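Keep in mind that what you see is a predicted model, and the values were worked out from it rather than measured. Lettering follows sequence order; numbering is per chain, from 1. As a basis for the values below, the full set of heavy atoms in this structure was taken, side chains included, without hydrogen atoms, waters or symmetry mates.
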Amino acid sequence: MSDSMNAPHPIRDTSGDQTMTQAPATETPVRAQVRDLKFWYGKFQALNGVSMPIYDRKVTAIIGPSGCGKSTLLRCFNRIHDLYPGSRYNGEINLAPEGVNLVDKGIDPILVRLLVGMVFQKPNPFPKSIFENVAAGLYVRGIRNRTEVEGRVEEALTQAALWNEVKDRLSKPAFELSGGQQQRLCIARALAPKPKLLLLDEPTSALDPIATAKIEELMDSLVKDVTILIVTHNLSQAARISKYTAFMHMGDLIEFAETEQLFTNPAVSRTQDYVTGRFG
Amino acid sequence: MADHPSEKRIVAKAKVQDLSFSILGIIVLFFAMAMLATLIGDLLADGLGRISKQFLTDFPSRRPSEAGILSAWVGTTLVMFVTALLAIPLGVGAGLYLEEYAPRNWLSDLIEINVSNLAGVPSIIYGLLALGFFVYGLGMGQTILVGGMVLALLILPIVIVATREAVRAVPSGLRESAYGIGCNRWQVVWQYVLPSARPGILTGAIVGLSRAIGETAPIITIGALTFIAFLPPSPIQASPPFVNADWLTSPFTVMPIQMFNWTSRPQAGFHENAAATGVLLLGMTLIMNGFAIYLRYRLRRGLRS
């Protein structure tokens, strides 16, 4: 795989190009454009030049077998890789109207994380009250006005379909919630500051089917307001909730297309093999 | 039911193994506990009768029955106060810096090795360092401040190592989600990492202080007096500014030194006094450890339910 590091790379993945010419039938605005993104963990290249659009207020799913680089790609979007030494980016993730390249060395990772919200695989609420959990992102952004904070906490919890379950116990520790509620709390926490992008890294893999169904339902309503990028190892989940799907393998973006097309009539045979369960 | 002779034999063998190890464990535990119990029992038998209000409120004396440990326990308390005040902020700060801020390179590796090594340096070496540097080099004299400083140096590696371990044990998910909401490093460390690491840090700090409270060698080396018939000036006074730092520069003695002094006397009465001091010192250590357990329990409850 490291050979491809030195190989001349086309600006765009051919398969991505192909589908991107097909997609704009609906003329959906692009919220972010990934261009020839490469990423290294030390000497190991985990992404070999990924290019794909992230359409505004749509759910885009990234699928692929374990170790394909799907989480790595997602984590580039909020520069969480920067916490670990030896990580290196090359290429672009351009937020469309703002014109900010998220992986530019000159852009502070903290600025990126102020723009982009993320929810992790395991629900990880802070050891604080439910209210303080959702308000944490607001405090970081200097929003301290009590009325405003309370309003936005309620709004975010409502968006995350959690308000009715917790409105009477906002001051209780977040750990008293069930796993599914904790994950929705984490979604509310990410939503409260009104992020430009919401990143979800296998958000339901630690949850039972009922909690999973709730979160999937929630994404349907959320996408009216926010652009969602989700990594999932669950193919049927990707098929259920996303409008666009990217299939990755060994650090390459194999195919990017409308979900329906990718699952029913993929352009690349490897995609076909994966979505029909022949490998992965 | 069918018979499974070979499987039954395997089960029987496993049971014998478990049983024989349990018996061995109990025997070893019994010897260790018996030894400790004998030691404490002997100390209690000798010293318990001597502990009274008079013993706590009197200064040392030539007559064993009139001698007390007032200056020693006041000295110990004040020295420990200085030690805690110096060692905890310095140690926690150093540990946090090394874990969260310092880049991983040869210099931080070198510091790490040295900190671990410092934890193993004999305490008398610290005493010599303090005697040469604080007492004579800086001309600070044989004061409570110097006593607190040398004990702080002694337990600093313990506090640093405990802090680092506690910080390292903070789940990376907490750190990532704190960074994920846009926190900067300062906010992550102070609002998320430190509160989660606090039970471990406090335990380490109190284990360090429990060690310091019993240290004799470095205190003797810097020349703390063994016979003191006065108290340091009070840290609190009636007139503004209500606190004063004169006590820091006062000569002092501590309980282990008082004990050491009494055990080297020929009269049996003094030996009784030494045993009583030992009981009190043991009690103070137990109270500190108990407090550490209590704090850990309280703080952990706040973190996870």
Close contacts, residues 68-81 of chain A versus chain B, judged by heavy atoms under 4.5 Å:
A:R75, A:N78, A:I80
Determine whether more than 12 heavy atoms belonging to other residues, nucleotides or ligands lie under 6.0 Å from atom CD1 of A:I210.
no
Taking CZ in B:F133 as the centre, count heavy atoms belonging to other residues, nucleotides or ligands within less than 6.0 Å. Is the count above 12?
no
Once you round to the nearest 0.5 Å, how far does CD1 of B:I181 lie from CE of A:M118?
14.0 Å
Between OH on residue A:Y139 and CD on residue B:Q191, distance to nearest 0.5 Å
10.5 Å
My understanding is that only residues two or more places apart in sequence, or in another chain, count here; which of them pass ring-ring contact (aromatic ring centres under 6.0 Å, His included) with B:F134?
none
B:Y179 and A:R113 have their tightest heavy-atom pair at O-CD, 2.9 Å
B:Y101 OH: over 12 foreign heavy atoms closer than 6.0 Å
yes
Heavy-atom distance under 4.5 Å to chain A: side chain of B:E176, backbone, both or neither?
both
Looking only at non-hydrogen atoms, find the nearest pair between B:S172 and A:Y84 and report the distance.
CB-OH, 4.2 Å
Whatever's closer than 4.5 Å to a heavy atom in chain B on A:V116 counts as backbone
Against chain B, label A:A190 side chain, backbone, both or neither, depending on which of its atoms sit under 4.5 Å from a heavy atom there.
neither
Please classify the contact of A:F126 with chain B as side chain, backbone, both or neither, using a heavy-atom distance under 4.5 Å.
both
Using non-hydrogen atoms and a limit below 4.5 Å, what part of residues 90-110 of chain A faces chain B?
A:I110
Which of residues 146-153 of chain A have a heavy atom under 4.5 Å from any heavy atom of chain B?
none
Closest heavy-atom contact between B:G173 and A:N124?
O-ND2, 3.1 Å
Chain A interface, residue from B:G182, B:C183, B:S177 that has the most non-hydrogen pairs under 4.5 Å:
B:S177
Sub-4.5 Å side-chain heavy-atom contact between A:P127 and B:S196
yes
